[in-house]
Amino acid sequence: MSDIICPQDHPDIDVYAVVGHPIAHSRSPMIHEYFAKETGQAMFYGRIDTPPETFKKVVSDFFAAGGKGLNVTVPHKLLAYEMAEVHSVAAQEAQAVNTLWMQDGRLHADNTDGLGLKNDLERILGSLLQQKKILIIGAGGAAQGVIQPLQAAGAQLSLVNRTLQKALDLKRIFPSLQVHAIDDLAKSESYDLIVNATAAGLQNNSPLQKKTLEKITHPQTLIYDMVYGKDTQFMQDGQELGLKVADGLGMLVEQAAAAFAIWRGIHLTSHQKQGAIQLVRQALLQS
Ligand code: ATR
């Protein structure tokens with residue numbers, strides 16, 4: 001596999017890629033190839049591994065050579081935001097970008113992570129997020145990327161973070177966000193959904209103590225971890241408390257479907273998105 005995709009190498013087909021560093025683990029090519037097959041779209045979707053120093057040149061070269069669209073992942077979402085000329089509202093509020101495309105000679109950018117999370121939560125709940133009480137844990141890029149779309153869906157958002165100041169910084173950007181100190185959380189109300197947007201699961205930690213989780217949940221609360229392909233401590237605690245639990249694989253597929261809709265003008269059906277979730281779940285089990 002080449003580290004750089006050259007659209008000239010695929011002259012008869014529209015070329016897309018996901019760009020990150022590292023990128024070998026990315027499941028985006030598998031998801032987009034599946035979407036393309038399902039909808040009869042002739043497209044090639046590859047991976048580009050490039051460090052931050054060369055990111056902007058690689059993106060410019062890709063589009064100059066006729067590339068149609070890029071997904072952007074860690075650690076480049078902020079660089080992609082800086083580079084883009086036209087931003088969606090979601091990209092503007094997140095100050096981070098995961099989808100790029102060229103339109104009328106200008107580099108356009110969106111952030112479909114938040115819409116992906118919103119769609120996945122609604123799929124799991126079987127209802128809209130309007131009036132739902134959601135607690136986001138974390139105040140990094142992953143959290144910032146999902147606040148605007150969840151608020152736009154009518155959810156009541158609260159947020160906690162290990163470092164309170166970072167949560168308060170986000171409140172300056174999103175004034176209607178309710179920010180709590182982690183120590184005060186147990187005194188707060190219960191939530192319909194609790195979303196882990198921290199990196200704690202990757203370090204085999206949970207960002208909340210199980211006894212705190214117990215105090216702020218009710219029997220219908222959904223425990224959601226944005227990490228996928230791993231039963232995190234946070235998810236295990238949720239399971240032990242008898243709660244409904246989900247990982248972030250559905251969000252991954254939904255953010256990809258939203259990018260696919262931007263690029264190809266085609267909206268995947270629930271059935272097709274479910275098919276992609278199953279495909280990736282299978283691949284994760286075998287890896
Ligand atoms: P990302 O872009 O993935 O959100 P980030 O910007 O580095 O990454 O943010 C990581 C988030 O995970 C932060 O909210 C961080 O908390 P701090 O702001 O206190 O650093 C949170 N985090 C990471 N490890 C954690 C842990 N072990 N427990 C709780 N929170 C953790």
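Treat the numbers as computed from the prediction; the structure is a model and nothing was measured. Atoms within a ligand are numbered from 1 in the order they appear, just like the ligands themselves.
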Should the pair K56-E82 be classified as a salt bridge under the 4.0 Å nitrogen-to-oxygen rule?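 Salt bridge present between K56 and E82.
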For [atom], closest protein heavy-atom neighbour:
atom: atom 2 (O) of ligand 1; answer: G141 N, 3.3 Å
atom: atom 17 (P) of ligand 1; answer: T163 OG1, 3.4 Å
atom: atom 21 (C) of ligand 1; answer: T198 CB, 3.5 Å
atom: atom 4 (O) of ligand 1; answer: A142 N, 2.9 Å
atom: atom 9 (O) of ligand 1; answer: G140 CA, 3.4 Å

Quick one about Q95 and Q144 (side-chain donor to acceptor, distance below 3.5 Å, no hydrogens or angles considered), yes or no? no
Verify the distance criterion only: is there a donor paired with an acceptor across the side chains of E33 and Y45 at less than 3.5 Å?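 On atom types as modelled, these side chains do not qualify, holding no pair under 3.5 Å.
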Are any side-chain N or O atoms of S88 and backbone N or O atoms of A91, one a donor and one an acceptor, separated by less than 3.5 Å?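 Checking the backbone N and O of A91 against the side chain of S88, a donor-acceptor pair under 3.5 Å is found.
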Any donor and acceptor pair, going by atom type alone, linking the side chain of D110 with main-chain N or O of T99 inside 3.5 Å?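 A pair under 3.5 Å: no.
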Aromatic plane relationship, H108 with W101 - under 30° parallel, 30 to 60° tilted, over 60° perpendicular: tilted
Within the structure, does [X] bring an N/O atom to less than 3.5 angstrom of an N/O atom in ligand 1?
X: Q203; result: yes
X: A143; result: no
X: P207; result: no
X: A139; result: yes
X: N161; result: yes

In this structure, which one of H32, R264, K68 forms a side-chain hydrogen bond (donor to acceptor under 3.5 Å, both in side chains) with Y16? R264
Heavy-atom pairs closer than 4.0 Å: do any link ligand 1 to the side chain of N205, the backbone, both, or neither?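 It is the side chain that touches ligand 1; the backbone stays farther off.
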Heavy atom under 4.0 Å from ligand 1: found in K166's side chain, backbone, both, or neither?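 The side chain, only.
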Short list, please: which atoms of ligand 1 are under 4.0 Å from a heavy atom of G138?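 Listed by number with element: 14 (O).
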Can you check whether K215 reaches T212 side chain to side chain, under 4.5 Å on heavy atoms?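 Result no, sub-4.5 Å side-chain heavy-atom pair not found.
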Under 4.5 Å between any side-chain heavy atoms of L107 and V86, yes or no?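 Not touching, per the 4.5 Å side-chain cut-off.
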Between D192, D120, L222, which is the residue that forms a side-chain contact (heavy atoms from CB on, under 4.5 Å) with L125?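 Testing each of D192, D120, L222 against L125, the sole residue satisfying side-chain contact (heavy atoms from CB on, under 4.5 Å) is L222.
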Which of these, M226, R162, Q233, has its nearest heavy atom closest to atom 28 (N) of ligand 1? R162
Would a search of protein heavy atoms around atom 7 (O) of ligand 1 find one under 4.0 Å away? no
